[in-house]
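First comes the structure, then the notes that go with it.
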Amino acid sequence: MMRCFFRKTHGYAILFCYRSTNLNVSANTSSELYVKHFSSTPVRKTVMPAWVIDRYGDNDVLRYSNNVMFPIIHYPNEVIVKVHAASLNPIDVTMRSGYGAATLNMRRDPLNVKTAGSEFPLILGRDVSGVVMECGLDVSYFKPGDEVWAAVPPWKQGTLAELVVVNGNELSHKPKSLSHLQAAALPYVTLTAWSALMTTGGLNKDNCKGKRILIIGASGGVGTVAIQMLKSWGAHVTAVCSGNAAEMVMGLGADCVVDYKSENVEQQLKKLDLFDFILDNVGGDTEKWVTQRLKTWSGAKYVTLVTPFLLNTDRLGVADGMMQTGATIASKALKHLCRGVHYRWGFFIPSGQSLDEIAELVDADKIRPVIDQTFSFDDVPKAFQKMERGHARGKIVISLKGTKE
């Protein structure tokens, strides 16, 4: 049996349809949800502006379109959000180039029933701050008109568009103390730092006081948030960044700054006491020596956000890539464990519940956004160029005010 009903919101009539064999279907049935849009206003309202890519490549593949179909609520726990602001992260640049495509496509199409290239046109952008437009029937924590923020997982359509669909479990009410532009700078990097420090690293407000923490790559998005989180928990933070970012990271609370451009970083760190925890946002050759700056046989941990997982699956395929990745992490963890330290990989984990806790820290003035530059929606390609050049001090934010028609 198919039961359908209309709900009108913000000038759009949205048709919700539930398919069920139960003749007594109720509005709370958890069966699969089908949604189609019917516009009660002119035809142009069935499409939206967005920046998309139709193939992987350099910045030239970015294409503006004002004919992207409205997103659809497929499941009862989904929410449609009108985007007021978004921001860029390094993963947006790498995804534009095709990095991680094998794994992300497997996540989008686990049964491999779609044709190659079915992810296109692909909308990039992970961060969103905006207003709820419509909620699925199982969503009770949000309602139309609520100001919200979220980080959208990379296998889903992104936020460089007028509207985006977000799972209700990935959504949170926006901090009251921030504007949409400010809020859009935080979700992806704060959740990445939260996951690396708490989930992987085991640090929290109850066990962090007095611990010596080293952050490599401290002036980027994740680094600037991590400094503030750790200081709010009472840690002693040493930040590695360039000298021209030293004043900024000190202003965020860093106790000591190591300028990687002035002299050899390894030699500078040897002059300092050993650390209880290292967060590495850079990777590369740093990993080969920096774990020697950890206290041995004391539970000290090294967590890196630079992992070979997506590279392996791109190069070897999903199955062989996962096997290679498993062998790599196992060998590195064992090698470091024999030396008395713990080796871990950190990953972004979408979580509305974590964003709720982060919002409390923001409203308590424990965490504030660090924005390098704001671009208009018309200038998204310029924002990507800025991100690709690197060395941004904080986040690159996109304002969707004045969106093209």
Side-chain angles (χ1 to χ4, degrees), residues 87-91 185-186 188-198 200-201 203 208 210-287 289-294 300-307 344-348 358 361-362 366-373 386-387 389-396:
S87 71
L88 296 186
N89 297 279
I91 191 173
L186 287 176
Y188 189 86
V189 292
T190 52
L191 287 173
T192 302
W194 190 267
S195 170
L197 297 176
M198 291 192 66
T200 306
L203 299 177
C208 211
K211 286 191 175 180
R212 290 181 51 78
I213 314 293
L214 174 65
I215 300 177
I216 302 173
S219 62
V222 174
T224 55
V225 168
I227 291 172
Q228 296 177 82
M229 280 186 186
L230 291 165
K231 291 307 298 180
S232 73
W233 297 340
H236 180 283
V237 177
T238 298
V240 177
C241 60
S242 64
N244 57 17
E247 183 177 352
M248 179 192 72
V249 298
M250 292 287 282
L252 295 174
D255 300 283
C256 177
V257 176
V258 174
D259 182 1
Y260 71 85
K261 290 185 176 181
S262 64
E263 60 178 289
N264 184 276
V265 177
E266 183 177 1
Q267 296 304 316
Q268 293 184 73
L269 291 177
K270 283 183 177 179
K271 301 174 184 177
L272 304 177
D273 293 338
L274 296 176
F275 297 94
D276 299 288
F277 186 93
I278 297 175
L279 176 62
D280 188 354
N281 300 298
V282 176
D285 293 337
T286 305
E287 182 181 305
W289 56 265
V290 76
T291 54
Q292 299 173 18
R293 304 311 306 154
L294 286 169
K301 293 179 182 176
Y302 167 84
V303 176
T304 178
L305 296 175
V306 183
T307 76
R344 299 285 187 271
W345 287 346
F347 298 93
F348 158 76
I358 292 166
L361 291 174
V362 171
K366 301 293 186 181
I367 296 176
R368 59 183 174 87
V370 179
I371 298 175
D372 182 279
Q373 190 171 350
K386 168 76 174 178
M387 174 62 70
R389 286 195 295 268
H391 304 291
R393 305 291 177 251
K395 292 297 296 291
I396 294 171

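Side chains are part of it too, since the values below use all heavy atoms of this structure and drop only hydrogens, waters and symmetry mates.
- Looking at Phe275 and Val290, their side chains never come closer than 4.5 Å, going by heavy atoms from C-beta outward.
- No donor-acceptor pair under 3.5 Å is formed between the side chain of Asn89 and the backbone N or O of Ile91.
- Here CG of Leu269 is found 9.5 Å from OG1 of Thr286. Values are rounded to the nearest 0.5 Å.
- Within the model, atoms CZ of Arg293 and CD of Gln268 stand 12.0 Å from one another, a figure rounded to the nearest 0.5 Å.
- Between Val306 and Asp280, the closest side-chain pair of non-hydrogen atoms is not below 4.5 Å.
- Counted within 6.0 Å of CG on Asp285, heavy atoms from surrounding residues, nucleotides or ligands total 12 or fewer; the atom is thus considered open.
- Nearest heavy-atom pair, Ala193 versus Val225, reported as atom, atom and distance to 0.1 Å: CB-CG1, 4.1 Å.
- To the nearest 0.5 Å, atoms CD1 (Ile367) and CG (Leu361) are separated by 4.5 Å.
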*Verify side-chain contact (heavy atoms from CB on, under 4.5 Å) between Gln267 and Lys270, making sure each step is shown before the conclusion.*
CA-CA 5 Å; Gln267 296 304 316; Lys270 283 183 177 179; 3.8 Å; yes

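- Judged as a salt bridge (charged side-chain N to carboxylate O under 4.0 Å, His left out), and not counting sequence neighbours, the contacts of Asp255 are Lys231.
- In terms of modelled atom types and a separation under 3.5 Å, the side chain of Ser195 and the main chain of Leu191 share no donor-acceptor contact.
- Between Lys395 and Ser87 the shortest heavy-atom distance is NZ-OG, 2.9 Å.
- Between the side chain of Gln228 and the backbone N or O of Arg368 there is at least one donor-acceptor pair closer than 3.5 Å.
- Around the CD atom of Glu263, the shell of radius 6.0 Å holds more than 12 heavy atoms that belong to other residues, nucleotides or ligands.
- Note that CG of Leu214 is 9.0 Å distant from CG of Leu279, once rounded to the nearest 0.5 Å.
- From Leu230, atom CG reaches atom CD1 of Ile213 across 5.5 Å, with rounding to the nearest 0.5 Å.
- The heavy-atom pair separating Ile215 from Asn281 by the smallest distance is CG2-ND2, 3.8 Å.
- In terms of the salt bridge (charged side-chain N to carboxylate O under 4.0 Å, His left out) criterion, residue partners of Asp372 (sequence neighbours excluded) are, by chain and number, Lys386.
- Leu252 places a side-chain heavy atom less than 4.5 Å from the side chain of Val370.
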Could you list the donor-acceptor pairs under 3.5 angstrom formed between side-chain atoms of residues 232-242 and any protein atom two or more places apart in sequence or on another chain?
{"unit_1": "Ser232", "atom_1": "OG", "unit_2": "Met229", "atom_2": "O", "d": "2.6"}
{"unit_1": "Ser242", "atom_1": "OG", "unit_2": "Asn244", "atom_2": "OD1", "d": "2.6"}
{"unit_1": "Ser242", "atom_1": "OG", "unit_2": "Arg393", "atom_2": "NH2", "d": "2.9"}

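- Distance CZ/Phe347 to OG1/Thr200: 8.0 Å, rounded to 0.5 Å.
- Contact record, Leu197 with Phe277: CD2-CE2, 3.7 Å, taken as the closest heavy-atom pair.
- The shortest heavy-atom contact between Ala246 and Val257 is CB-CG1, 3.8 Å.
- Between the side chain of Arg212 and the backbone N or O of Leu274 there is at least one donor-acceptor pair closer than 3.5 Å.
- Taking each heavy atom of Trp345 and Val303 in turn, the nearest pair found is C-CG1, 4.3 Å.
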